[in-house]
K.L.:
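Below: one structure in C-alpha cells.
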Amino acid sequence: MRGETIVVALGGNALLQRGQRGTFEEQYDNVKKTAKDLANLVEQGYNLVITHGNGPQVGATLLRHDAGQKMFGIPAFPMDACGAETQGFIGYMIQQALRNELKERGIDKYVVTVVTRVIVDPDDPAFQNPTKPVGPFYSREEAERIRRERPDWVIVEDAGRGYRRVVPSPDPKIIAERGAIRTLVEAGYIVVASGGGGIPIVEEDGIHARGVEAVIDKDLAGERLATLIGADRFVILTDVDGAYLNYNTPRQKKIDRMTLEEAKRYYEEGHFKKGSMGPKVKACIRFVEAGGKEAIIAKLGRVAEALRGEDGTHVVPE
C-alpha cells in the first residue's frame, strides 16, 4: 500500500487531553506526541493529508474576543474569522512538530497548512434549526442582555449548566481549495487542511463567497476532503478503539469490520450517538459510497496497527 494517499482526521485528544487547561505548551506537547505516529506513516510511504478538530480552541478564541470587547472595546471578530485563526495556529503546531520529527529521522519532507473554506448550501435546513453550542456559558441575566444586544443570535439553556449560543451545523458540500490541496499532495508535500471542519461559506450568485456563522462537523468535512482529492483511505482517530454495537450497555460489542450495507443498517438502527460516533460512521459510509477503498475509525496512537488491519473499525465496500 506504499504510495497511497490517506486523509487522517485527528480527534480533539490529539491537541488537548482531559483535565488540561489548554495552554499553548500543553497543546504543543500533545501535538509532538501525535507527530511521531504521523511520521511513522510517512516513513511507510503514505502520502499524508491531515485534518483536525478545533472545538475547544475556537471556543477559547471566541472567549478572548468577547473579553477583549468587554474590557478594552476591541471589536470581536465573527465566527468564520475565529475559525480561520484556529486553523492557522493549530496548523502551525502540526507543521512545526511534524517537520521537526521528520528531520530527526532524516526525512526531508515539508508540511504546509492550507486555510480551507468549505462551501455549504444557504438553504440547508440547519440554518433554520441551530443546534451546535459554541462559546462561553452565560447566566440568565447575561443571556437576556445578549438577546437584546444581538437579536440575530440564538441563545438556549444547555443541560442546566447555563445559557449558550447555538449556531447551525450545515452539511459540507465542496472543499473550496480542493484543487490546490491535490496539487500539493501530488508534488510530495504533507498537507494540513480543512481544520475544524473548514470555514463555512456560501456562494452568492455562484461568484461571491461570504463567510457564515456556523460550524461544520470535522469528520463529515474530512470525508468531503478525502473524496474530492481522490484519497485511497480515510482514517478517523479518536479516544476510543472503534465503533460499537449497543455501546455502554452490558451487550456492547466492538465492530472490527463492516461492509457498507452493514454500516448503513447499524446507523439507521441508532447504534451510534448523534453527538459522538454517529457523524464518524456517517462520514465513513459516505467515503466508501463515493468510491474510497476503506474508511477506518481507530484510537489515537494506534493508527499504524489500524492501517495493517490489526485494530480499529474498518468500513469496506463489501
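No hydrogens, no waters, no symmetry mates; every other heavy atom, side chains included, goes into these values.
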K.L.:
Assigning hydrophobic clusters by single linkage (Ile, Leu, Val, Met, Phe, Trp, Tyr; side-chain heavy-atom cutoff under 4.5 Å), is M79 placed with I201?
P.N.:
no

K.L.:
Can R99 and Y110 be counted as having a side-chain donor-acceptor contact under 3.5 angstrom?
P.N.:
yes

K.L.:
Between Y138 and V58, is there shared hydrophobic-cluster membership here, with clusters defined by ILVMFWY side-chain heavy atoms closer than 4.5 Å?
P.N.:
no

K.L.:
Taking K282 as the fixed residue, which of D217, L220, D219 is the one that meets the side chain to side chain contact (heavy atoms under 4.5 Å, CB included) rule?
P.N.:
L220

K.L.:
Relative to each other, are the rings of Y244 and Y247 parallel, tilted or perpendicular (30° and 60° limits)?
P.N.:
tilted

K.L.:
So, are K33 and D29 salt-bridged, with charged N and O less than 4.0 Å apart?
P.N.:
no

K.L.:
Decide yes or no for Y267 and I285: does some side-chain heavy atom of the first lie under 4.5 Å from some side-chain heavy atom of the second?
P.N.:
yes

K.L.:
Flag yes if V134 and I216 sit in one hydrophobic cluster, no otherwise; membership is Ile, Leu, Val, Met, Phe, Trp, Tyr, and two members link when side-chain heavy atoms are under 4.5 Å apart.
P.N.:
no

K.L.:
Salt bridge check: are R117 and E203 linked by an N-O gap of less than 4.0 Å?
P.N.:
no

K.L.:
With distance as the sole criterion, is a donor-acceptor pair present between the side chains of Q20 and N30 under 3.5 Å?
P.N.:
yes

K.L.:
For D158 and Y163, indicate whether the former's side chain and the latter's backbone hold a donor-acceptor pair under 3.5 Å.
P.N.:
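Looks like no, no N/O pair under 3.5 Å.
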
K.L.:
Give a yes-or-no answer on whether the side chains of E85 and T61 include a donor-acceptor pair shorter than 3.5 Å.
P.N.:
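Judged by distance alone, the side chains do not pair up.
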
K.L.:
Hey, is E305 close enough to R302 for a salt bridge, meaning N to O under 4.0 Å?
P.N.:
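So E305 pairs with R302 through a salt bridge.
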
K.L.:
Any side-chain heavy-atom pair from V120 and V202 closer than 4.5 angstrom?
P.N.:
yes

K.L.:
Kindly indicate whether the side chain of I6, heavy atoms from C-beta on, has any atom under 4.5 Å from the side chain of L48.
P.N.:
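Side-chain contact under 4.5 Å: yes.
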
K.L.:
Is there a side-chain contact between F234 and E294, using heavy atoms and a 4.5 Å cut-off?
P.N.:
no

K.L.:
Salt bridge or not between R233 and E4? Use side-chain N to carboxylate O under 4.0 Å.
P.N.:
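Judged by the 4.0 Å cut-off on N to carboxylate O distance, R233 and E4 do form a salt bridge.
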
K.L.:
If we ignore hydrogens and angles and just use 3.5 Å, is the side chain of K109 paired with the main-chain N or O of G188 as donor and acceptor?
P.N.:
yes

K.L.:
If you group Ile, Leu, Val, Met, Phe, Trp and Tyr by side-chain heavy-atom gaps below 4.5 Å, do V240 and L237 land in one group?
P.N.:
no

K.L.:
So how far is it from T51 OG1 to I181 CD1, rounded to the nearest 0.5 Å?
P.N.:
9.0 Å

K.L.:
Starting from I296, can I reach V315 by hopping between I/L/V/M/F/W/Y residues whose side chains sit under 4.5 Å apart?
P.N.:
no

K.L.:
Compare all side-chain heavy atoms of L102 with those of V42 and state whether any distance is below 4.5 angstrom.
P.N.:
yes

K.L.:
Stepwise, does the salt bridge (Lys or Arg N to Asp or Glu O under 4.0 Å) test hold for R257 with E262?
P.N.:
CA-CA 9 Å; R257 180 182 182 279; E262 287 171 333; 5.5 Å; no

K.L.:
Is E157 paired with R164 through a side-chain N to carboxylate O contact shorter than 4.0 Å?
P.N.:
no

K.L.:
Hey, are the side chains of T23 and Q27 touching, using non-hydrogen atoms and a 4.5 Å cut-off?
P.N.:
no

K.L.:
Evaluate whether atom CZ of R161 has more than 12 neighbouring non-hydrogen atoms of other residues, nucleotides or ligands under 6.0 angstrom away.
P.N.:
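Counting other residues, nucleotides and ligands, CZ of R161 exceeds 12 neighbours.
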
K.L.:
Between E101 and R105, does at least one N-O distance fall below 4.0 Å, as a salt bridge requires?
P.N.:
yes

K.L.:
Under 30°, 30 to 60°, or over 60°: which ring-plane class applies to H271 and Y266, parallel, tilted or perpendicular?
P.N.:
perpendicular

K.L.:
Are I175 and S194 packed together at the side-chain level, in the sense that at least one heavy-atom pair is separated by less than 4.5 angstrom?
P.N.:
yes

K.L.:
So that I can tick it off, tell me whether R145 and E149 are bridged by a salt bridge, with the cut-off set at under 4.0 angstrom between side-chain N and carboxylate O.
P.N.:
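Looking at R145 together with E149, the answer is yes, because their closest N to O distance falls below 4.0 Å.
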
K.L.:
Does the side chain of D239 reach to within under 4.5 Å of the side chain of L300, using non-hydrogen atoms?
P.N.:
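Not in contact.
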
K.L.:
Donor-acceptor pair, distance only, cut-off 3.5 Å: does the side chain of T227 make one with the backbone of R224?
P.N.:
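Checking the backbone N and O of R224 against the side chain of T227, no donor-acceptor pair under 3.5 Å is found.
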
